[in-house]
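For clarity, every value in this text was computed on a predicted model and none was experimentally measured. Residue numbers begin at 1 in each chain, while the letters A, B, ... track the order of the sequences.
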Amino acid sequence: MNENSQHFEVAQPDAKAPLFHAEAYNNIEKSIVEIQLKDYRGKWIVLFFYPSNFTFV
Amino acid sequence: MAAVAAVYHEFKALNAEVLAISTDSVYSHKVYTEVSKLLINLPFLLVSDRTHQISKSYQVLNEKIGASSRTTFIIDPEGVIAARLSNPPDVGRNIYEILRLIAGIQHNKATGEVIPANWMPGQSGVKRDIKWIGRF
């Protein structure tokens, strides 16, 4: 345990999903867009973290 | 990624949006969709986690290689993590299992029924009742 441990939430079921904003590539519009996770409230979201482009998911 | 794109309509049918995230740049993401024939019509966003902040906050960053580990999160409409699935680096995901899991979580939320092992969408769940203990 360290002094920060009480502020640390493990990203597992029942925890709040950490919010983020980031650049993304939109292949439908062929554009670079800015997205925020909180803009997706009201929908289910599936995050697919993957190691690298050009590999399988 | 093509495996997800192939059943993207099934995610939409569950009111689910897909975000794929790696530590590659958006420029790499663009070329990835252009070079890989199966991704020409990729219907969802490829998110760039160049700063590693997203991967760190979800505790999926492999710091040795600066890349995200093969991990899937299902987030409910209120912004709460409903499921987390980790795959080994050399074994790809079962996309149908992710769809099944969303359907199972939604069925549980809608009915209060719990979801037994190997449940499939369309089947009923199990009422919480002491008489069922030990039967599954």
Euclidean distance, [Y] [atom2] relative to [X] [atom1], rounded to 0.5 Å:
{"X": "A:Arg41", "Y": "B:Ile75", "atom1": "CZ", "atom2": "CD1", "result": "9.0 Å"}
{"X": "A:Trp44", "Y": "B:Ile102", "atom1": "CH2", "atom2": "CD1", "result": "8.0 Å"}
{"X": "A:Asn26", "Y": "B:Phe44", "atom1": "CG", "atom2": "CZ", "result": "11.5 Å"}
{"X": "A:Ile35", "Y": "B:Glu17", "atom1": "CD1", "atom2": "CD", "result": "9.5 Å"}
{"X": "A:Phe20", "Y": "B:Ser55", "atom1": "CZ", "atom2": "OG", "result": "9.5 Å"}

For chain A, find which of [options] contributes the most heavy-atom pairs closer than 4.5 angstrom.
{"options": "B:Leu85, B:Ile40, B:Asp76, B:Thr51", "answer": "B:Asp76"}
{"options": "B:Ala20, B:Ala67, B:Gly92", "answer": "B:Ala20"}
{"options": "B:Val26, B:Val18, B:Val47, B:Asp49", "answer": "B:Val26"}
{"options": "B:Leu14, B:Ile54, B:Ile74", "answer": "B:Ile54"}
{"options": "B:Ala2, B:Pro43, B:Pro89, B:Gly66", "answer": "B:Pro43"}

Is it the case that atom [atom1] in [X] sees more than 12 heavy atoms from other parts of the structure closer than 6.0 Å?
{"X": "A:Phe54", "atom1": "CZ", "value": "yes"}
{"X": "A:Lys38", "atom1": "NZ", "value": "no"}
{"X": "B:Asp129", "atom1": "CG", "value": "yes"}
{"X": "B:Asn62", "atom1": "CG", "value": "yes"}

Identify which of [options] forms the greatest number of heavy-atom pairs closer than 4.5 Å to chain B.
{"options": "A:Asp14, A:Asn53, A:Thr55, A:Ile32", "answer": "A:Asn53"}
{"options": "A:Ile28, A:Val33, A:Leu37, A:Val46", "answer": "A:Val46"}
{"options": "A:Lys16, A:His21, A:Glu23", "answer": "A:Glu23"}

Tell me, with the steps shown, if A:Asn27 and B:Leu39 meet side-chain contact (heavy atoms from CB on, under 4.5 Å).
-> CA-CA 9 Å; A:Asn27 180 58; B:Leu39 300 187; over 6 Å; no
Could you report the tightest heavy-atom contact between [X] and [Y], atom names first, then the distance?
{"X": "B:Arg93", "Y": "A:Phe49", "answer": "NH2-O, 2.8 Å"}
{"X": "A:Gly42", "Y": "B:Asn15", "answer": "O-ND2, 3.2 Å"}
{"X": "A:Ala11", "Y": "B:Ser57", "answer": "CB-O, 4.1 Å"}
{"X": "A:Pro13", "Y": "B:Ala83", "answer": "CG-CA, 4.0 Å"}
{"X": "B:Tyr58", "Y": "A:Pro18", "answer": "OH-O, 2.7 Å"}
{"X": "B:Asp24", "Y": "A:Pro51", "answer": "OD2-O, 4.4 Å"}

Is [X] close to chain B through its backbone or its side chain, or both, or neither, when contacts mean heavy atoms under 4.5 Å?
{"X": "A:Lys30", "answer": "side chain"}
{"X": "A:Tyr50", "answer": "both"}
{"X": "A:Phe56", "answer": "both"}

What part of [X] gets within 4.5 angstrom of chain A, counting heavy atoms only: side chain, backbone, both, or neither?
{"X": "B:Ile65", "answer": "neither"}
{"X": "B:Glu78", "answer": "backbone"}
{"X": "B:Ser36", "answer": "side chain"}

Say whether, by atom type as modelled, one donor and one acceptor occur between the side chain of B:Gln59 and the main chain of A:Glu9 under 3.5 angstrom.
->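 Side chain of B:Gln59 to backbone of A:Glu9, a donor-acceptor pair under 3.5 Å: yes, one is there.
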